[in-house]
Engineer: 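Here you go, one structure.
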Number of protein chains: 2
Amino acid sequence: MGKITIKDVAREAGVSISTVSNALNNVDVLNPVTKSHVLKVAKQLNYVPNLNGKQLRSGKTKMLGFFTTSVSGPYFYKLVESMSRECDRLGYGLNVFITKDRHVIMSNILGRRVDGAIIYEELRIDEEDITAMEKEKIKAVFLDRVLQNETMGSVIFDSYVAGYEATKYLISLGHKKIAYISGVDTMFDSVERKEGYLAALRQYQLPTSEDYILQGYFEEEGTYNAVKSFIHLHPDKLPDAFLAGNDVSAIGCIQALKKHGYEVPLDISVMGFDDIDIAQYFSPPLTTVRNQIARQGSLAVNHLVHMIQKKELGSAQKLACELVVRGSSHVKIDRNDHI
Amino acid sequence: MGKITIKDVAREAGVSISTVSNALNNVDVLNPVTKSHVLKVAKQLNYVPNLNGKQLRSGKTKMLGFFTTSVSGPYFYKLVESMSRECDRLGYGLNVFITKDRHVIMSNILGRRVDGAIIYEELRIDEEDITAMEKEKIKAVFLDRVLQNETMGSVIFDSYVAGYEATKYLISLGHKKIAYISGVDTMFDSVERKEGYLAALRQYQLPTSEDYILQGYFEEEGTYNAVKSFIHLHPDKLPDAFLAGNDVSAIGCIQALKKHGYEVPLDISVMGFDDIDIAQYFSPPLTTVRNQIARQGSLAVNHLVHMIQKKELGSAQKLACELVVRGSSHVKIDRNDHI
DNA sequence: CCTTTTCATGAATACGTTTTCATAAACTAA
DNA sequence: TTAGTTTATGAAAACGTATTCATGAAAAGG
């Protein structure tokens, strides 16, 4: 005996296919007696509807797709977890696609494997693809990416303000020589944070210098190496404080400083962005700027579902950030005082 | 103009539907001229095949489903990343479902949204469901779970040996009072590690005691609280070493010990399991037992695809572990010596 | 009692694709 | 040439479901 279909249930229950379909989908035109009878037979036969048939006919999958290059690291799993939770709440499933292949993404979206898409910015979908999606009236929400386009949604962090506030905070501690450890230059967050950092320096009339902008690639090891080589190259020009592009980077920075005998935060203050899980347990606990990651996830899903169900266009949403002061930053101490 | 289907391509190219299908799917019965002409027209119309139609007809989705309760934490993202990579390599897509709802899982599997399933043990699928899958000849691989059943695959870590070897190592450092911080008692790894721990103690004639088995729930905070209350209850009976159920737990343990003025590893050795990313950067760097997580992921996918394509039954695979000695463990120092 | 309305059900179609099978055309072997 | 064979193509069926519409029965209205 092969796979049991709606046909088998119909035959066994002595009714038509449409009646079974109506019973299973709670269409209230049925005699309650027939309905419960059909349901009983269906359960008894262990009937499970074939989703491909269902989806083909209805044109809906009740699935949202999250397209990303990676799920590694605290940012992603907080994000995915919150999206998943919100999907659950709204009666959708979440489909996580990890890929860098634009073609895979588009064929899944345009091929209707999902009802809508949430796309992580690093994927950099072209305008051309977005146009294709518009034509098909497909809804999408972009994360961490600003769009020229007004038809799709987006949820971004106000990273410019984050960078600005962080820098302002370091200045308020008395630091004057503040270095920035950059992430990846194609990424929105990274660039915005740097712009905010530069803006704050300018506002307080502090000098900005290319030497004080390192490349850490948002990675622990990348930052470790960058800071290490900075120390070797400019042992005399060490900054008062490092503003790392994210917490992972801040950790790499602190590792490198420790390794070379500097104490954080007494000798040098270090802070990051994101407030990842380990930030508070790290030694020293990280001063950082917290993004509302879970909020971003649930908002993206909410927005997308709204767009799908109300057939509306998307809009750009911006989330505020929050300064978290912990042990890796300290009021500037002039060591010369002690001599 | 609505969605472009294979029909439109056929009309536009002046051929039949079957010819278009053959051209697109590289069935080599076609005149190369017709084929390339069809392909050109398809591209020109921006045709993208509807996956639901495709899947319904062919009975295949070329998708594997990973069913899990969570993707949070280093274990999961390493696992997911490696599974995704392996799926790519084998021409499959990976579908991550985060849910605890048995019904959601079964309707996705039996409803053929995926060609096969990888199931994380915490979900505890019933025998009944497994039987249902067998009947439908659906293939599945279970992670971290041993099966009575011989029809499905499984990939587990040899956690018993891991627990045994870790304990043996601590004993070799001269520790005699060794406590175990348990994870979740329904989880295979947690139980096996504890059994290995107990076996090692017995073998070396060291006493085992219920007092020395704490509940940390595989969580930082849970462990922190457990260790804290242990210190309050038995300040005089502190162990020489803590063997934590995993690294996250070990970190919580060390936090608690530090908080109460104990030095790790000089006063007390602590070690964990898993070798998560931060283990080496933590202060002190964690001594731990490393599991081949990435290997588990790729093996599971490989095995599953093999089962699907060769229509074979699954088997149980066991992965060896590896002791990683770092700074959180130390040869036993009897502080009385110094007095 | 007849007409109209409501109610419950089933037959048939459509969704977009792959695949089987028939057929026509173009070769090959005598 | 004629029969047999290969090659390229298309018509039609099938996958499993939701949905539209027709139909018959029962209830309501007069």
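So you know, we letter chains A, B, ... as the sequences are listed, proteins then strands, and number each from 1. These numbers were taken from a predicted model, which means no experiment stands behind them.
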Engineer: Just how far, in rounded Å, is C1' of dG10(C) from NZ of Lys7(A)?
Structural biologist: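 In whole Å, dG10(C) C1' and Lys7(A) NZ are 15 Å from each other.
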Engineer: In a check of side chain to side chain donor-acceptor pair (under 3.5 Å) between Lys35(A) and each of Asp28(A), Thr19(A), Asn26(A), which one passes?
Structural biologist: Asn26(A)
Engineer: For the pair made of CD1 in Ile4(B) and C1' in dG16(C), what is the distance, rounded to whole Å?
Structural biologist: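 After rounding, the reported distance stands at 14 Å.
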Engineer: Salt bridge between Lys62(A) and Asp115(A), side-chain N to carboxylate O under 4.0 Å?
Structural biologist: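 No salt bridge links Lys62(A) with Asp115(A).
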Engineer: Expressed as a whole number of angstroms, how long is the span from Arg11(A):CZ to dG16(D):P?
Structural biologist: 13 Å
Engineer: Under 4.0 Å, heavy atoms only, any strand: does Ser21(B) hit a base, just the sugar-phosphate, or nothing?
Structural biologist: base
Engineer: Nearest whole Å is fine: how far is dA18(D) C1' from Asn26(A) CG?
Structural biologist: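 These atoms are roughly 14 Å apart.
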Engineer: Figure out the CD1/P separation between Ile17(A) and dT13(C), and round it to whole Å.
Structural biologist: 13 Å
Engineer: Ignoring hydrogens and angles, are the base of dT17(D) and the side chain of Arg57(A) linked by a donor-acceptor pair under 3.5 Å?
Structural biologist: no
Engineer: Should we say atom OH of Tyr77(A) is surrounded by more than 12 heavy atoms from elsewhere, each under 6.0 Å from it?
Structural biologist: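 Result for OH/Tyr77(A): enclosed.
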Engineer: Rounded to the nearest angstrom, tell me the gap between atom CD1 in Ile6(A) and atom C1' in dT19(D).
Structural biologist: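 Roughly 11 Å, once rounded to whole Å.
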Engineer: Quick one: Asn25(B) CG to dT17(C) P, roughly how many Å, whole number?
Structural biologist: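 Nearest whole value for this atom pair: 10 Å.
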Engineer: Can you tell whether the side chains of Lys78(A) and Glu81(A) come within less than 4.0 Å, N to carboxylate O?
Structural biologist: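 No, this pair does not count.
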Engineer: Between residues 46-54 of chain B and DNA chain C, which residues have a heavy-atom gap below 4.0 Å?
Structural biologist: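 When residues 46-54 of chain B is checked for heavy atoms under 4.0 Å from DNA chain C, the hits, listed by number, are Tyr47(B), Pro49(B), Asn50(B), Gly53(B), Lys54(B).
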Engineer: Any salt bridge between Glu134(B) and Lys137(B), counting N to O under 4.0 Å?
Structural biologist: no
Engineer: Compare the minimum distances between each of dG16(C), dT19(C), dA18(D) and the side chain of Ser18(B), then state the nucleotide with the smallest one.
Structural biologist: dT19(C)
Engineer: State, without any angle test, whether Gln55(B) and Arg113(A) hold a side-chain donor-acceptor pair at a distance under 3.5 Å.
Structural biologist: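 Gln55(B) vs Arg113(A): donor-acceptor pair found between side chains.
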Engineer: Are Asp88(B) and Arg85(B) close enough for a salt bridge, meaning some N to O gap below 4.0 Å?
Structural biologist: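 No, no charged N to carboxylate O under 4.0 Å.
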Engineer: Dump every N/O contact between nucleotides 6-9 of chain D and the protein below 3.5 Å, one line per pair.
Structural biologist:
from	atom 1	to	atom 2	distance (Å)
dT9(D)	OP1	Thr34(B)	OG1	2.8
dT9(D)	OP2	Asn31(B)	N	3.1
dT9(D)	OP2	Thr34(B)	OG1	3.1

Engineer: May I have the distance from Lys60(B) (atom NZ) to dT17(C) (atom P), rounded to whole angstrom?
Structural biologist: 18 Å
Engineer: What I want to find out is whether Arg112(B) reaches Glu136(B) closely enough, with some N-O distance under 4.0 Å, to be called a salt bridge.
Structural biologist: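 Answer for the salt bridge query: yes.
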Engineer: Are the side chain of Asn31(A) and the backbone of Val33(A) linked by a donor-acceptor contact shorter than 3.5 Å?
Structural biologist: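 Between the backbone of Val33(A) and the side chain of Asn31(A) there is a qualifying donor-acceptor contact (under 3.5 Å).
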